[in-house]
*Asks:* 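Structure below; questions to follow.
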Amino acid sequence: MRLLERSFYQRETVEVAHDLLGKIVVRQYYHHLLAGRIVETEAYTIDDEASHSHRGQTHANRAMFGPVGHAYIYFIYGNHYCLNAVARNQNHEAGGVLIRALEPINGIEFMKQFRGITDIHNLTNGPGKLAQALHITKALYGIDLTQKGELYIVDGQTIPEKDICAAPRIGISKATDVLWRFYICDNPFVSRKS
DNA sequence: CACCCGATTATCT
DNA sequence: GATAATCGGGTGT
């Protein structure tokens, strides 16, 4: 499995969100490798009212203004971390792709332990859930996802266009018209149906 | 320093 | 399907 190159992330954010489906998130946790296939994503651009980057750079969102291919991680609702891959083309100042759901591939027993449950379909089918299952916290903020390390993304199968669904993003109140949520249709690990 | 809110989840009914 | 839990960050005083 090859690492995704920096150039992969240096394209339109929405395109990268679409193309990240089928790619593999790898978490090296001490000597263990936890991995999952991306089955659901959402794009957030700087022009987008729903994006954390829309009101300009702050200390918390600085990663989204930094080099593409790095991780933007945020904490929400008092409990949950969420993982984004920084992605944008050269015309834009900021942008990110929220990783919303994974299909567990490797290290499933550790994921169960980190999540405190045994149901495999409830392990990584949500952005906060997958962060907990892979032990992703702010300690990994800004990490380069194009280099082997504690967290990175490698190539996987290409998903046929007919198997990709687009829908409005979840949990936002602004810019609900655009279909910037992508998921693999009929995949049982997607956070929810549309 | 007080206030408000949120790219969610678990746990009810 | 409804709602409580929970707390860091942004904003304004």
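Here is the naming used below: chain letters follow the sequence lines, and residue numbers restart at 1 for every chain.
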*Asks:* Mind checking if A:Leu98 touches a base, just sugar-phosphate, or nothing, with heavy atoms under 4.0 Å?
*Replies:*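 Base contact.
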
*Asks:* Can you tell me if A:Arg115 touches the phosphate of B:dA10, counting only side-chain N or O atoms and a distance under 4.0 Å to OP1 or OP2?
*Replies:*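 Yes, such a contact exists.
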
*Asks:* Take the protein atom CG of A:Asn79 and the nucleotide atom P of B:dA7, then report the distance between them rounded to whole Å.
*Replies:*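 The distance from CG of A:Asn79 to P of B:dA7 comes to 14 Å, rounded to the nearest Å.
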
*Asks:* May I ask you to verify if any side-chain N or O of A:Lys129 is less than 4.0 angstrom from the OP1 or OP2 atom of B:dA10?
*Replies:*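 A:Lys129 to B:dA10 OP1/OP2: side-chain N or O found under 4.0 Å.
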
*Asks:* Check every atom of C:dA5, C:dG10, B:dA7 against the side chain of A:Thr58 and return the nucleotide holding the closest atom.
*Replies:*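 Comparing C:dA5, C:dG10, B:dA7 against the side chain of A:Thr58, the answer is C:dG10.
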
*Asks:* Can you tell me if the side-chain N/O atoms of A:Lys138 get under 4.0 Å from OP1 or OP2 in C:dG9?
*Replies:*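 So the side chain of A:Lys138 is within the cut-off, an N or O lying under 4.0 Å from OP1 or OP2 of C:dG9.
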
*Asks:* On the nucleotide B:dA7, are OP1 or OP2 found under 4.0 Å from the side-chain N or O atoms that A:Arg181 carries?
*Replies:*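 Negative; the distance criterion is not met.
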
*Asks:* Would you classify A:Arg55 as touching base, sugar-phosphate or nothing, given that sugar-phosphate means primed atoms plus P, OP1 and OP2, and contacts are heavy atoms under 4.0 Å?
*Replies:*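 Nothing, no nucleic acid heavy atom in range.
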
*Asks:* Please report, rounded to the nearest Å, how far the P atom of B:dA7 is from the CZ atom of A:Phe182.
*Replies:*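 These atoms are roughly 19 Å apart.
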
*Asks:* Measure from CG on A:Asn61 to P on B:dG6 and round the result to the nearest Å.
*Replies:*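 From A:Asn61 CG to B:dG6 P: 16 Å.
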
*Asks:* Should the heavy atoms of other residues, nucleotides or ligands under 6.0 Å from CZ of A:Phe75 be counted, would the total exceed 12?
*Replies:*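 Count over threshold, so yes.
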
*Asks:* Using a cut-off of 4.0 Å on non-hydrogen atoms, how would the nucleic acid contact of A:Phe75 be classed: base, sugar-phosphate, or nothing?
*Replies:*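 Sugar-phosphate only.
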
*Asks:* To the nearest 0.5 angstrom, please state how far the CG atom of A:Leu102 sits from the OG atom of A:Ser191.
*Replies:*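 Rounded to the nearest 0.5 Å, the CG-OG separation comes out at 11.0 Å.
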
*Asks:* Could you tell me whether A:Ala60 contacts a base, only the sugar-phosphate backbone, or nothing, with contacts defined as non-hydrogen atoms closer than 4.0 Å?
*Replies:*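 The answer is sugar-phosphate, as A:Ala60 gets under 4.0 Å only of primed atoms, P, OP1 or OP2.
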
*Asks:* What about A:His121 and A:Phe189, are their ring centers closer than 6.0 Å?
*Replies:*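 Here the rings of A:Phe189 and A:His121 have centres that are less than 6.0 Å from each other.
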
*Asks:* Would you say the base of B:dA7 stacks on A:Tyr44 (centre-to-centre below 5.5 Å, plane angle below 30°)?
*Replies:*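 Stack criterion met.
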
*Asks:* For A:Arg27 and A:His135, indicate whether the former's side chain and the latter's backbone hold a donor-acceptor pair under 3.5 Å.
*Replies:*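 Checking the backbone N and O of A:His135 against the side chain of A:Arg27, a donor-acceptor pair under 3.5 Å is found.
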
*Asks:* For the atom pair CZ (A:Arg192) and CG (A:Asn125), what is the distance rounded to the nearest 0.5 Å?
*Replies:*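 Output value for this atom pair is 11.0 Å.
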
*Asks:* State whether the distance check finds a donor on one side and an acceptor on the other, under 3.5 Å, for side chain A:Tyr74 versus base B:dA7.
*Replies:*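 Pair found.
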
*Asks:* Counting just side-chain N and O atoms, does A:His80 come under 4.0 Å of either OP1 or OP2 of B:dT9?
*Replies:*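 A:His80 to B:dT9 OP1/OP2: no side-chain N or O under 4.0 Å.
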
*Asks:* Separation of A:Ile46 atom CD1 from B:dA7 atom P, in whole Å?
*Replies:*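 It is 16 Å, rounded to the nearest whole Å.
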
*Asks:* For C:dA2, give the paired nucleotide (Watson-Crick: N1-N3 plus N6-O4 or O6-N4; G-U: N1-O2 and O6-N3; both under 3.5 Å), or none.
*Replies:*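 Paired with B:dT11.
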
